[in-house]
Amino acid sequence: MKKIIILITSMLLFACCNTSYEREIMEQAESMIYSSPNSAEKLLKKVSFTKLESEKNKAYYALLKSVITYRLYEKQSLKNINYALSYYKKHKDKHHLQMAYFYHGAINLENNENIIRSMRDFKESELLIKHTDNQILESYIYNGLIKIFFLHNANLLGLDYSNKSIDLAKKMNDKETLSGAFGNKAIFYERCGKRDSALVYYKQSLKYIDYVKYNYDKATIYDNIAFYYNFQSNTAKAKKYHDLATQCVPNDNNYSIWNQLYNCNNFNEAILKSREILPSDLFEEYNLYVILSQIARKNGIDQMAFKYSDKADSIQDLIDKDKYQYEIKKVQEEYMRKGMDENAHSNRILSIIIITAIFMVSTIMTYIIRRYNTKKVSSLRQKIEKLQHEINRFTDSISYKNRNEEISSSHVQEKDVLVELQEELTSLKKQSKKELTNYKKHLKQFINGLEITLKVMRNSPIKILEKEDRLDFVYLHSEKDQILKDIIPLTTTQDQVFYILVGLGCSREQIQKTLSLSKDSFRKEKSRLLFKLRDLSDLQYFCDNLKDL
């Protein structure tokens, strides 16, 4: 039994390792698809489709097989890409679903199948751009759509997507794509009748043409510029750029024949050459008739010039009445709405997430603040209890002195101050949690001022020099002494503290120590304060006490 279990385990491990190895090979192949499709093909040949067990790996293999074949410019059926697309539509793999949609559309277009189906594939792939951020594929998607717009004269859409392609190429610093994208934009401008704008972008296309890797792509760019100059009746420049196109692909018979046609001055010779040309689309047929019309006119054969001019106009009518134009625009509008709906849905989800996050943060913050305030209030109450206990002890000690000693005026004064402080504390104890929370800043001042006052009254060693302590000390006594509150605008903080200490019955020595004043400094402070308060009748008693110090 043990041997059977070991055998089964070994088989499972082998199967898992084998699957993992094949998956790794395919992932390496995918990484080379755009940079080196030949190397990707060699890697993929190491994987046997028949040995793949999971649907996931089979779909992945079918996708890579289709993409590599397409990248190598080889014809293929839709069999593999259909298999891959069918799988990825059912599974959450947006990266490979985007690839499957695009290459399904591209292969379908290459096989001259339904143009609208290809456009829908490209548009589905475009919807996934924001989810995958695959800039290389995004560039291909734009080019695929531009090709459809080019073939079916959807010029305004072509301009829009040429601009998207240019913006993306600039972002990627892809100078090769820039050359083609500027050339596309020039063609669409030319078709819209904006020939001056077209020339600007043809020149921009030429600026980056040396970065174009494939000679056929270079030849196409030169050829388009040649047609532009031909329509402008600039024969010299038309021949120049068609010669450049031919030089790029010297072994291509089609380019060679077009070049010879451009160089024909004899109409009969031009007719013979034109019969060797098989136009691939209506636009090429239109260009052919335009050239023949021009050569006939140069040869003075007006009748033939008109004949081919009429043929060119007839082809232009067919181009303008392309049956797919309406459907292309309709599909574009449909997907624009779909994109807006998806954005609106995403925005709604985002709004819900933001609102939920704000609510959660607010709830947490409210809880933290309440907890913090509760803790602070609790701390304040404890301090109030402690201070009241100290005041009671101090009051009891004064009462004991009064019973056993002759009652002095300073003791009476101290007792009066303590009674007032007790009343303040009692009122604080009666305040609600909310009231204590709202006034906790002032309560801190009150408590600090009270602690300082008790130390002064006990004649404990203390120095009131810090700004915060002085302000808290003044705040406490200004709350119960209207005269102090009145003189605050007329005096400094030093004056106010000096005033309070005198009012508490402190001796000269005690005030000097508390304020760190020398004898001379004390005399100056005393004189300055007397001068400031000399005209206030309510302070006569205070001034008399101050003079005695």
Side-chain angles (χ1 to χ4, degrees), residues 12 15-34 40-41 43-44 47-71 76-111 113-142 144-145 148 331-332 334-350 352-353:
L12 288 171
C16 290
C17 291
N18 190 46
T19 302
S20 176
Y21 168 76
E22 288 166 341
R23 184 77 186 184
E24 188 178 332
I25 291 291
M26 289 191 285
E27 286 172 355
Q28 286 178 12
E30 184 185 358
S31 69
M32 297 178 179
I33 277 177
Y34 301 119
E41 184 185 36
L43 275 173
L44 196 64
V47 178
S48 172
F49 180 81
T50 55
K51 291 183 179 180
L52 296 174
E53 295 181 359
S54 69
E55 283 296 309
K56 182 179 180 180
N57 283 339
K58 286 180 180 178
Y60 191 29
Y61 179 93
L63 175 63
L64 295 179
K65 181 73 175 173
S66 290
V67 176
I68 291 169
T69 304
Y70 181 83
R71 296 288 299 153
Q76 63 179 306
S77 70
L78 290 168
K79 180 183 175 182
N80 283 324
I81 199 67
N82 278 338
Y83 184 90
L85 183 58
S86 176
Y87 174 83
Y88 288 115
K89 277 182 180 179
K90 299 172 187 175
H91 297 81
K92 293 182 179 180
D93 184 346
K94 291 180 179 178
H95 171 72
H96 290 119
L97 176 61
Q98 184 186 37
M99 288 177 68
Y101 267 125
F102 171 75
Y103 285 101
H104 188 277
I107 296 165
N108 183 68
L109 192 62
E110 191 177 61
N111 293 348
E113 300 288 341
N114 189 311
I115 194 83
I116 298 303
R117 176 58 200 270
S118 286
M119 183 174 176
R120 285 188 176 278
D121 286 335
F122 291 153
K123 294 301 292 182
E124 288 290 343
S125 190
E126 184 185 14
L127 286 177
L128 294 167
I129 285 172
K130 61 187 175 184
H131 299 291
T132 62
D133 195 31
N134 185 341
Q135 292 183 334
I136 294 175
L137 192 58
E138 183 180 351
S139 180
Y140 290 165
I141 292 165
Y142 294 153
L145 288 165
I148 291 173
V331 170
Q332 178 68 12
E334 176 191 332
Y335 277 88
M336 280 181 70
R337 286 194 299 272
K338 190 181 285 190
M340 286 188 286
D341 291 343
E342 192 173 291
N343 287 336
H345 179 65
S346 298
N347 290 336
R348 280 196 295 273
I349 292 172
L350 183 61
I352 291 168
I353 291 170

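- With rounding to the nearest 0.5 Å, the separation of CE in M99 from CG in L128 is 12.5 Å.
- Distance NE2/H104 to CG/L63: 12.0 Å, rounded to 0.5 Å.
- Contact annotation: the side chain of S118 never approaches that of E113 to less than 4.5 Å [non-hydrogen atoms, C-beta and beyond].
- The distance from atom CG of L85 to atom CZ of F102, rounded to the nearest 0.5 Å, is 13.5 Å.
- Under a 4.0 Å N-O distance rule, the pair K338/E124 qualifies as a salt bridge.
- Side-chain contact check for E110 versus N108: every heavy-atom pair is 4.5 Å or farther apart.
- Between R23 and E27, at least one side-chain N (NZ, or NE/NH1/NH2) sits under 4.0 Å from a carboxylate O, which counts as a salt bridge.
- Put simply, the side chain of S86 never gets that close to the backbone of N82: no donor and acceptor are under 3.5 Å apart.
- Closest approach of N80 to S66, counting heavy atoms only: CB-OG, 3.1 Å.
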For a side-chain contact (heavy atoms from CB on, under 4.5 Å) check, start with the C-alpha distance between Y88 and Y83, then their side-chain angles and the critical distance, and finish with the verdict. CA-CA 9 Å; Y88 288 115; Y83 184 90; over 6 Å; no
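- Of all heavy-atom pairs spanning M26 and L44, the tightest one is CG-CD1, 4.0 Å.
- Contact annotation: the side chain of M119 approaches that of Q332 to within less than 4.5 Å [non-hydrogen atoms, C-beta and beyond].
- Within the 3.5 Å criterion, the main-chain N or O of D121 finds no donor-acceptor partner in the side chain of S125.
- Looking at S31, its side chain does come within 3.5 Å of a backbone N or O of Q28 through a donor-acceptor pair.
- In this structure, E334 does not pair ionically with K123, as no charged nitrogen and carboxylate oxygen lie closer than 4.0 Å.
- Going from atom CD of E55 over to atom NZ of K90 covers 8.5 Å, rounded to the nearest 0.5 Å.
- Between L137 and T132 there is no side-chain heavy-atom pair separated by less than 4.5 Å.
- No donor-acceptor distance shorter than 3.5 angstrom exists from the side chain of E126 to the backbone of I141, with no hydrogens or angles considered.
- Between I116 and N114 the shortest heavy-atom distance is N-OD1, 2.8 Å.
- Applying ring-ring contact (aromatic ring centres under 6.0 Å, His included) to Y140 and the options F122, Y103, Y101, Y34 leaves one that passes, Y34.
- In plain terms, the two heavy atoms of A29 and A40 that are nearest each other are O-CB, 3.4 Å.
- E22 has its side chain out of reach of N57: every pair of non-hydrogen atoms, C-beta onward, lies at least 4.5 Å apart.
- Under the 4.5 Å side-chain criterion, counting only non-hydrogen atoms from C-beta, K65 is not in contact with F49.
- Side-chain polar atoms of H96 and E30 form a donor-acceptor pair below 3.5 angstrom.
- For the pair E53/K58, no side-chain contact is recorded, criterion being any heavy-atom separation below 4.5 Å from C-beta on.
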